[in-house]
Amino acid sequence: MHKKYIVFMVMVFLVTPLSSYSQQNLSAKKNSVIRSVDAHQKELIELSNTIWGFAETGLKEYKSSSVLADYLEAQGFTVKRSVAGMPTAFIATYGSGKPVIGVLGEYDALPGLSQTVKCEKEPLTEGAPGHGCGHNLLGVGGLGAALAVKELIKQGKLNGAVRFYGTPAEETIGGKVYMARAGLFDDLDVCLDWHPFYEIMAKTQSSIAVMDITINFHGKTAHAAMDPWNGRSALDALEAFSHGINLLREHVLPSVRMHYVFQKTGSVPNVVPDESSVWLWIRDSKREGIGDVYKRVKKIVQGAALIADVDSSTQLNSGVYEILPNRTGASALQENLELLGSIQYTPEEVEFSKNIQTAMGLKPDGLMGSPIPMEKANETPQSISTDVGDVSWVVPEISLLVTTAPNNVPWHSWAVVACGGMSIGHKGMLYASKALAMTMVDLFEKEELRREIQREFLDRKGNQIYKPMIPDGLPPLPND
């Protein structure tokens with residue numbers, strides 16, 4: 001049933017126009033990259049569906065990264081695998097010299113979000129991962145743009161190099177942070193990325209920075225009934241810590257968010273727990289704000305340890321910067337979105353989207369498949385964190401959002417998984433490939449545009465020095 005439905009939706013897509021653009025308004029090279037994406041659309045959709053089916057979580061994307069790297073290698077790209085200490089990270093390059101234009105791709109799934117291509121919640125495999133953030137589309141969309149530009153370089157119509165970054169574990173450790181620390185973005189002139197969404201826009205807003213830490217308390221066991229006075233409860237410290245954090249919420253800026261889960265609390269009630277731990281995320285609109293909150297969190301850790309008369313330790317797991325926006329680059333992208341126009345949907349796709357909205361208790365208003373003006377995009381709040389932020393402090397970054405799911409559906413949900421496995425998601429992915437490739441054509445051809453983008457980047461960055469918020473050493477690889 002599931003596979004037949006995907007085939008049906010792909011067939012509907014292949015005979016349906018992607019967008020309302022007029023070829024008369026496009027340069028020959030922009031027409032060329034659009035035709036390239038159209039020519040490769042069947043392969044790109046197959047790649048996306050394959051990764052959707054793999055649904056591998058962060059740093060376990062062995063098959064997903066391999067199919068992308070293998071495909072690019074077969075297309076003539078030079079591929080470096082297992083970069084920055086991550087077996088599922090890779091870089092694919094075509095061309096040489098300057099400029100070097102990069103595009104990012106992700107492919108990690110989220111745990112517990114398995115879903116069939118249906119309008120109601122129904123796991124494909126109970127408890128299994130699913131692409132609730134649309135990363136099966138994200139990676140392939142960037143790949144399609146890189147491939148289209150590569151063909152122009154091969155024909156001698158563009159000079160320089162195009163580079164695709166296979167970036168793992170965005171949802172967990174932030175793979176791009178490790179790649180940035182390794183200097184893998186240092187020689188880029190400009191970098192582009194896109195993300196699935198329910199609107200189409202050139203992003204002009206920042207994201208929010210986040211610090212990921214684990215706090216451990218170490219006490220002493222004792223019999224909880226016979227001689228509890230001989231114990232030192234790590235769980236008491238954990239409870240005192242959580243109370244302190246919740247008191248702190250009143251005294252931080254409105255932009256700050258703190259959320260945590262208890263990881264270790266003890267095993268049985270009749271033993272005083274000697275070990276406890278809590279996993280805490282601190283967010284703020286600026287990295288500097290996180291640092292201020294973290295100083296107070298450490299004092300709460302010390303106070304909780306004193307209350308329970310136990311020892312404590314704090315471990316930095318990872319952290320990401322806020323995105324450094326670039327309006328100059330976003331304006332160039334916006335021009336290409338307006339040239340492409342809107343995504344055209346079939347009645348079946350519109351009905352599918354409305355049925356999903358109804359199932360989720362939302363207004364059934366369908367799909368937002370038209371690019372919105374930059375002024376309106378600037379009004380849209382961005383309360384997410386992403387490791388793209390770290391890239392944006394190393395090289396000018398241009399970010400795109402494209403419709404791949406119905407309006408206002410919750411992200412990281414089964415609805416996003418369902419749409420990412422059928423033509424609604426595929427259309428957004430291919431639209432992103434075209435918009436990114438068209439903007440890359442501008443970047444290759446217009447030296448002054450690159451200079452203006454670089455000037456804005458340096459002006460916004462100021463004298464701040466980028467320092468990754470990750471622990472020393474190799475990334476924490478999972479135990480398979």
Before giving the answer on side-chain contact (heavy atoms from CB on, under 4.5 Å), spell out for Leu340 and Met438 the whole-Å C-alpha distance, their side-chain angles and the decisive distance to 0.1 Å.
-> CA-CA 10 Å; Leu340 272 177; Met438 291 165 68; 3.7 Å; yes

Which residues satisfy the side-chain contact (heavy atoms from CB on, under 4.5 Å) test with Ala161, sequence neighbours excluded?
-> Thr93, Val100

Give the intermediate values and the outcome of side-chain contact (heavy atoms from CB on, under 4.5 Å) for residues Leu44 and Leu143.
-> CA-CA 8 Å; Leu44 298 175; Leu143 178 150; 3.6 Å; yes

CD1-OG1 distance between Ile323 and Thr204, expressed to the nearest 0.5 angstrom | 11.0 Å

Parallel, tilted or perpendicular: which describes the rings of His195 and His135, with under 30° parallel and over 60° perpendicular?
-> perpendicular

Tell me, which pairs form a salt bridge (Lys or Arg N to Asp or Glu O under 4.0 Å) where one or both residues lie in residues 386-413, sequence neighbours left out?
-> Lys176-Asp387

Under 3.5 Å, is there a donor-acceptor pair linking the side chains of Asn355 and Gln357?
-> no

Residues Lys157, Glu151: salt bridge by 4.0 Å N-O rule | no

Salt bridge (charged side-chain N to carboxylate O under 4.0 Å, His left out) partners for Asp187, two or more places apart | Arg163

Decide side-chain contact (heavy atoms from CB on, under 4.5 Å) for Tyr94 and Val149; before the verdict, give the C-alpha distance in whole Å, the side-chain angles of both, and the deciding distance to 0.1 Å.
-> CA-CA 9 Å; Tyr94 189 91; Val149 170; over 6 Å; no

With distance as the sole criterion, is a donor-acceptor pair present between the side chains of Thr88 and Ser65 under 3.5 Å?
-> no

Could you list the donor-acceptor pairs under 3.5 angstrom formed by side chains in residues 467-476, with sequence neighbours left out?
none

Sequence-distant partners of Glu43, salt bridge (charged side-chain N to carboxylate O under 4.0 Å, His left out), two or more places apart | none

Examine the side chains of Glu56 and Ser64 and answer whether a donor and an acceptor come within less than 3.5 Å of each other.
-> yes

Salt bridge flag under 4.0 Å for residues Glu456 and Arg451 = no

Pair Arg283, His259: side-chain N/O donor-acceptor within cut-off below 3.5 Å = yes

What about Tyr107 and Phe54, are their ring centers closer than 6.0 Å?
-> no

Going by atom types only, do Asp108 and Thr57 share a side-chain donor-acceptor pair under 3.5 Å?
-> no

Between Phe185 and Tyr165, is the gap from one ring center to the other below 6.0 Å?
-> yes

Using atom types as modelled, flag every donor-acceptor pair under 3.5 Å from a side chain in residues 241-249 to any protein atom, sequence neighbours excluded.
from: Ser242; atom 1: OG; to: Glu239; atom 2: O; distance (Å): 2.9
from: Asn246; atom 1: OD1; to: Arg249; atom 2: NE; distance (Å): 2.8
from: Asn246; atom 1: OD1; to: Arg249; atom 2: NH2; distance (Å): 3.3
from: Asn246; atom 1: ND2; to: Ser242; atom 2: O; distance (Å): 2.9
from: Asn246; atom 1: ND2; to: Tyr260; atom 2: OH; distance (Å): 3.1
from: Arg249; atom 1: NH1; to: Met258; atom 2: O; distance (Å): 2.7
from: Arg249; atom 1: NH2; to: Met258; atom 2: O; distance (Å): 3.2

Does the distance from a Lys or Arg side-chain N to an Asp or Glu carboxylate O, for Asp284 and Arg257, drop under 4.0 Å?
-> no

Applying side-chain contact (heavy atoms from CB on, under 4.5 Å), run through His40 and Leu147 and close with a yes or a no.
-> CA-CA 9 Å; His40 292 287; Leu147 178 59; 3.6 Å; yes

For residues Asn336 and Lys30, is any side-chain donor paired with an opposing acceptor at under 3.5 Å?
-> yes

